[in-house]
Number of protein chains: 2
Amino acid sequence: MTTADVHTARMDDICSGAGDDGRVVRDLLEHLGDKWTLLVVGMLEDGPIRYSELKNRVPGISQRMLTLTLKKLERDGLVRRESFPEIPPRVEYDLTPLGHTLLPPALAFATWARGSSGEILARRAEFDARVTR
Amino acid sequence: MTTADVHTARMDDICSGAGDDGRVVRDLLEHLGDKWTLLVVGMLEDGPIRYSELKNRVPGISQRMLTLTLKKLERDGLVRRESFPEIPPRVEYDLTPLGHTLLPPALAFATWARGSSGEILARRAEFDARVTR
DNA sequence: CAGAATCCAACTTGATACTG
DNA sequence: CAGTATCAAGTTGGATTCTG
């Protein structure tokens, strides 16, 4: 499947039915769609990075959420964790090959959000003005 | 920006800094990343569709969540709502031009999820087996 | 038919304090 | 440095009931 096929695929086909197949896809959509996951994946693009450096690159994330997000991604096989037995401790994270395949969709989504944010905020303001009156 | 550029864009650039610009993009990522939003957007691809028909096409969604999701999308200017003054009432929804621009990223994401779900579930099982022992 | 309103259980997140 | 533990607060989603 190439990126060109994206335009011909349909949501019905991808998430069809109430069966296991569609359910897994729907679960994944929700699973990765939380506050930090896509952001963290994007920041891992450039290869191994330390925990503290990663925390600096994701503005606003708490220690707790970074740890939880990384553990979830590691469990799903998208992120690799390497811990070095030194003092002070050093732990590095990077994307697995599977994790790298998530990058294009994630960036497409982020790019869309950036390009559309202006119009969305404008529409939202219009809507609120219409409803409040 | 074309789809080809997606591979050259970087998450840093898109969501940079703690300033307003990056914050809006991060908020949007979270905003659209809930349980139903992308699914509903995908199901609206084929044009006007009634509330009840839409509910049938999104398996498992509750009345409440369908209503809330549609209202959110309408507020953001992604979905258009048309209500016909008939009895019984008829309300139709479809994507605005802005809403249509979300389709390619959403489908890219869903396509990725479908293609990767098998490996992810396998990795997850491995991880759990390793950790539980 | 297409919802609005209400209630509640479950989950998510952040802040804080502590540790190998 | 790289976490873990605990608690409090906020948010989300489902079930149910009611209505124009």
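Numbers restart at 1 for each chain; the letters A, B, ... are given by sequence-line order, proteins then strands.
The shortest side-chain heavy-atom distance between Met43(A) and Leu54(A) falls under the 4.5 Å cut-off. Using a 4.5 Å heavy-atom threshold, the side chains of Val40(B) and Val79(B) count as separate.
Residue Lys71(A) has no polar side-chain atom (N or O) positioned under 4.0 Å from OP1 or OP2 of dG3(D). Side-chain nitrogen and oxygen atoms of Arg50(A) include at least one within less than 4.0 Å of the OP1 or OP2 phosphate oxygen of dA2(D).
Legend: residues meeting salt bridge (charged side-chain N to carboxylate O under 4.0 Å, His left out) with Arg75(A), ordered by chain and number and at least two apart, are Asp128(B). The side-chain hydrogen bond (donor to acceptor under 3.5 Å, both in side chains) check on Asp94(A) picks up Arg80(A), with sequence neighbours excluded. Residues satisfying the side-chain hydrogen bond (donor to acceptor under 3.5 Å, both in side chains) test with His31(A), not counting sequence neighbours, are Asp76(A). For Glu92(B), the side chain to side chain contact (heavy atoms under 4.5 Å, CB included) partners are Pro48(B), Arg50(B), Phe84(B), Arg90(B), not counting sequence neighbours. Listed by chain and residue number, nothing satisfies the side-chain hydrogen bond (donor to acceptor under 3.5 Å, both in side chains) test with Ser83(B) (two or more places apart in sequence, or in another chain). Evaluation of the side chain to side chain contact (heavy atoms under 4.5 Å, CB included) rule for Asp27(A) yields Arg23(A) as partners, not counting sequence neighbours. Applying the side-chain hydrogen bond (donor to acceptor under 3.5 Å, both in side chains) test to Glu53(B) and every residue at least two apart in sequence or in another chain returns nothing.
A 4.0 Å heavy-atom criterion places the boundary nucleotides of DNA chain C facing chain A at dT13(C) to dG20(C), written 5' to 3'.
When the C1' atom of dC1(D) is taken as reference, atom CG of Leu70(A) falls 15 Å away, rounded to whole Å. Atom-to-atom, NZ of Lys55(A) to C1' of dG3(D) comes out at 12 Å; the value is rounded to the nearest Å. Atom NZ in Lys72(B) sits about 11 Å away from atom C1' in dT12(D), given to the nearest Å. If you take CG of Leu54(A) and P of dC1(D), they are 15 Å apart, rounded to a whole angstrom.
In this structure a side-chain-to-backbone donor-acceptor pair under 3.5 Å is missing from Thr69(B) to Leu66(B). The backbone N or O of Gly33(B) sits nowhere less than 3.5 Å from a side-chain atom of Thr37(B) that would complete a donor-acceptor pair.
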Practice task
Would you give a per-nucleotide map of nucleotides 13-20 of chain D, 5' to 3', where B means the base has a protein non-hydrogen atom under 4.0 Å away, S means only the sugar-phosphate does, and - means neither?
Solution key: BBB----B
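Applying a 4.0 Å cut-off to non-hydrogen atoms, the residues of residues 75-84 of chain B that approach DNA chain C are Arg81(B), listed by residue number.
Overall bending of the helix from dC1(C)-dG20(D) to dG20(C)-dC1(D), expressed as the angle between end axes built from five pairs apiece, is 50° (10° steps).
Within the hydrophobic cluster formed by Ile, Leu, Val, Met, Phe, Trp and Tyr side chains joined at under 4.5 Å, directly or through other members, Leu121(B) is accompanied by Val24(A).
Note that CG of Leu102(B) and CG of Leu44(B) are 10.5 Å apart. Values are rounded to the nearest 0.5 Å.
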